[in-house]
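The structure appears below as structure tokens.
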Amino acid sequence: MNFINKIKDFCKKLTKVQKILLISLFVFILVDVVLVCLIASGRKVASINLEYAQPNPTEKLIALNGAAHNGKIKKSGYANYKFSDEQKDQILKIYQENQNASVVVRLNVRPSKKQVEMLLSQNDFPLYVGFLYQSDLESKKKEYVDSERKLVKCNLYDAIQSGKQTFDISFAIPKLPKIEERMKAELPVGFFVYSSLECQILAAATLPSVIGFDKSAEVPLWAFASNGGIIDFSCQSVDFSGAPFVFSVENSKNQLMPQFVVGLSSQEEFQSTLEQIVTSQIVFESEKLSVKNVKNADELTIPSSALKTPFTKVEISKNPQCITRFLLKAIPSPELPDFGKDVVLNPIKIEPGLILKYKKDNWRHPDYEVFQWDRFPNILFFDTKDYGVQDRFFTRLAYFVEKAGYRGTLLTNHQLEGKHGYNAHDYSPESLANFFNKAYDLNFTLNKEEEDLKLILLYNGILLPDGQKVKAGQGGIVSLSQESAAWLRTTFLAHEGWHTLFFADEEFRNYVAAVYFTMEPKSLQFLSDYFNSQPGLSYSQDDLYLMQNEFMAYIMQQPLSNVASYFVHLANRLSVREATPELSAYIRNNNAIAFEDAAIMLNDFVFDKYGIVCGNIALIGR
């Protein structure tokens with residue numbers, strides 16, 4: 001008791017500042033004792049947590065050596081980290097939810113003064129990242145870089161030269177067995193970083209896997225499959241050959257092959273103008289993709305299923321500065337409803353330039369495939385095996401929605417025999433809702449394809465449930481057929497694609513209306529006479545919305561340079577000359593100048609708003 005009283009008397013005599021200093025000293029000693037205990041127990045804490053995809057509680061990694069403890073590699077050497085049991089559980093959870101997982105490490109390379117001097121005379125300074133396994137710890141290895149181990153590698157000289165001294169490395173965990181009891185046993189127990197220059201390990205995380213690079217992020221990322229690879233700091237090449245080790249590479253109704261996401265530079269100097277189109281070229285072995293960089297598009301989507309050889313080493317052979325992000329990502333499996341098990345409900349997100357030559361072997365239904373415009377998610381494209389399939393989906397709709405003399409009427413299959421719909425189709429949500437509601441009101445029997453279409457539209461929000469009926473959602477649909485010639489499919493894609501933008505965008509509709517009402521009257525009447533003279537068209541002339549929509553699409557379905565010649569060609573057709581001889585001569589004599597003027601105005605608008613032009617709704621070509 002005397003000892004305790006003496007301490008109390010001693011404390012009473014201390015000033016406030018002395019008390020604060022004494023408490024600080026006590027806390028410092030306590031922390032030091034805890035660290036000593038942890039070291040003695042073999043559980044030395046690292047300087048960084050292991051973060052997760054979701055805001056789960058995190059904890060420090062286990063440091064296996066001094067460099068991991070403070071996160072600094074001062075000379076050539078290793079920083080070795082181990083996962084705790086709780087961290088391994090979290091990694092497994094991410095893996096099971098996504099069927100893949102990666103460890104991401106953030107590094108900052110900051111060579112010492114002596115190493116900076118070395119950089120002047122040498123240009124080879126390796127850095128390696130790899131996984132550790134239980135066998136590594138049991139053998140008590142001190143060096144883990146060998147020819148057998150899969151590693152992510154880079155030359156730090158290139159990193160410093162490119163100005164990228166802080167960056168993230170993502171390394172996919174090798175595929176785990178499907179037997180749950182074996183998963184944790186085969187999971188890596190940790191990871192290591194080897195650096196030949198002074199290096200700080202800033203952070204670590206476990207996230208769903210991606211492959212590729214993202215230099216647009218605040219901290220640039222290079223991501224690798226479980227077979228490792230070499231970082232190209234110039235971002236002119238990417239190795240996707242390891243994708244089958246990480247992702248599912250077969251299409252099914254429930255699971256899609258992974259997709260490439262291409263980010264485009266927002267720097268004005270790298271973007272297209274109407275006068276100067278700027279393109280990058282991406283080479284997948286023998287297949288070359290041309291990618292336009294426009295100010296109105298941030299990123300484009302390339303389904304791997306659209307390509308001949310997607311999982312290979314890829315080169316950006318032209319204007320690599322336009323590509324800021326090039327990542328291969330898994331597509332989450334949707335929760336599909338119980339109905340329509342044999343229907344393709346979830347569309348493949350795609351840049352429309354890739355639809356025309358999409359690999360038919362990867363279709364998920366033998367008769368058709370459904371795509372979603374990557375920049376306008378409520379616009380769907382149907383590609384059908386032949387005209388027969390397309391007719392069963394859409395011909396009754398064509399007569400109900402557009403055909404003069406039949407609008408608002410549901411024709412039976414018998415009445416449709418021998419009648420032609422269109423070789424390509426487009427419909428708005430309002431027209432589709434009216435069609436299906438009329439069928440409900442009349443208890444009209446639709447084809448299986450039409451019933452399947454309704455399920456697809458409801459699933460994708462183009463139609464919305466409304467009691468026993470439906471109501472219009474957003475967007476629109478397009479249909480093409482494989483039976484059409486290649487050059488026609490190109491024209492149809494543009495023509496029908498413009499229609500869907502007309503459906504979806506009020507500003508575009510208003511602009512088209514303004515151009516329509518300022519159109520030179522004789523030329524406009526010629527177009528109306530053309531529609532009337534062609535039995536395959538038969539557009540209802542009293543529907544102003546329809547006439548403006550078709551006016552726009554017929555002008556914009558071909559490149560600007562071909563607009564005048566296209567309408568002169570129409571004026572030369574025998575059936576048109578016989579139907580409207582005076583106006584046909586008028587169009588020929590003035591070289592369809594009014595149509596060309598209208599095309600220029602429309603072309604300027606769509607380029608400013610969407611970055612696309614007459615004759616081509618796509619930003620990717622091949």
Output field: ring centroids Phe502/Phe551 closer than 6.0 Å: no
Are Tyr399 and Tyr406, when compared by the centres of their aromatic rings, separated by less than 6.0 Å? yes
Please check this pair: side chain of Gln415 against backbone of Thr412, looking for a donor-acceptor N/O pair closer than 3.5 Å. yes
Is Asp367 reaching over with its side chain to a backbone N or O of Val389, donor-acceptor style, under 3.5 angstrom? no
Output yes when a side-chain donor or acceptor of Tyr368 lies under 3.5 Å from a complementary backbone atom of Val344, and no otherwise. yes
For Asp608, does its backbone N or O pair with a side-chain atom of Asn296 as donor and acceptor, under 3.5 Å? yes
Determine whether a donor-acceptor pair (N or O, by modelled atom type, separation under 3.5 Å) exists between the side chain of Arg396 and the backbone of Leu411. yes
Knowing that exactly one of Phe400, Tyr440, Phe444, Phe394 qualifies, which makes a ring pair (Phe, Tyr, Trp, His ring centres under 6.0 Å) with Phe435? Phe400
Evaluate whether atom CD of Gln474 has more than 12 neighbouring non-hydrogen atoms of other residues, nucleotides or ligands under 6.0 angstrom away. no
Could you name each residue pair satisfying side-chain hydrogen bond (donor to acceptor under 3.5 Å, both in side chains) that touches residues 453-462, not counting sequence neighbours? none
Do Phe526 and Phe567 have ring centres separated by under 6.0 Å? no
Quick one: do Lys360 and Asp383 make a salt bridge, cutoff under 4.0 Å? no
Is the side chain of Arg407 donor-acceptor paired with the backbone N or O of Val401 at a distance under 3.5 Å, no angle test? yes
List for me each residue that meets salt bridge (Lys or Arg N to Asp or Glu O under 4.0 Å) alongside Arg573, sequence neighbours excluded, and say none if there are none. none
Aromatic ring proximity, centroids under 6.0 angstrom, Phe247 and Phe311: no
By salt bridge (Lys or Arg N to Asp or Glu O under 4.0 Å) - contacts of Lys448 (at least two apart): Asp342, Asp452
Please identify each residue that fulfils side-chain hydrogen bond (donor to acceptor under 3.5 Å, both in side chains) with Tyr427, with sequence neighbours left out. His425
Apply salt bridge (Lys or Arg N to Asp or Glu O under 4.0 Å) to the pair Lys349 and Asp374, showing each step before the final yes or no. CA-CA 5 Å; Lys349 190 175 181 182; Asp374 60 344; over 6 Å; no
Counting N and O atoms only, with roles assigned by atom type, does the side chain of Arg392 sit under 3.5 Å from a partner on the main chain of Glu450, one being a donor and the other an acceptor? no
Looking at Leu480, is its backbone amide N or carbonyl O close enough to the side chain of Thr384 to form a donor-acceptor pair, meaning the two atoms are under 3.5 Å apart? yes
Salt bridge (Lys or Arg N to Asp or Glu O under 4.0 Å) against Glu451, all qualifying residues, sequence neighbours excluded: none
When you compare the side chains of Ser305 and Tyr358, does any donor N or O come within less than 3.5 Å of an acceptor on the partner? yes
We want to know whether Ser333 and Gln255 form a side-chain donor-acceptor pair, criterion being a heavy-atom distance below 3.5 angstrom. yes
Please enumerate all residues that pass salt bridge (Lys or Arg N to Asp or Glu O under 4.0 Å) together with Asp89, with sequence neighbours excluded. Lys184
Do any N or O atoms from the side chain of Gln372 and from the backbone of Pro377 form a donor-acceptor pair under 3.5 angstrom? yes
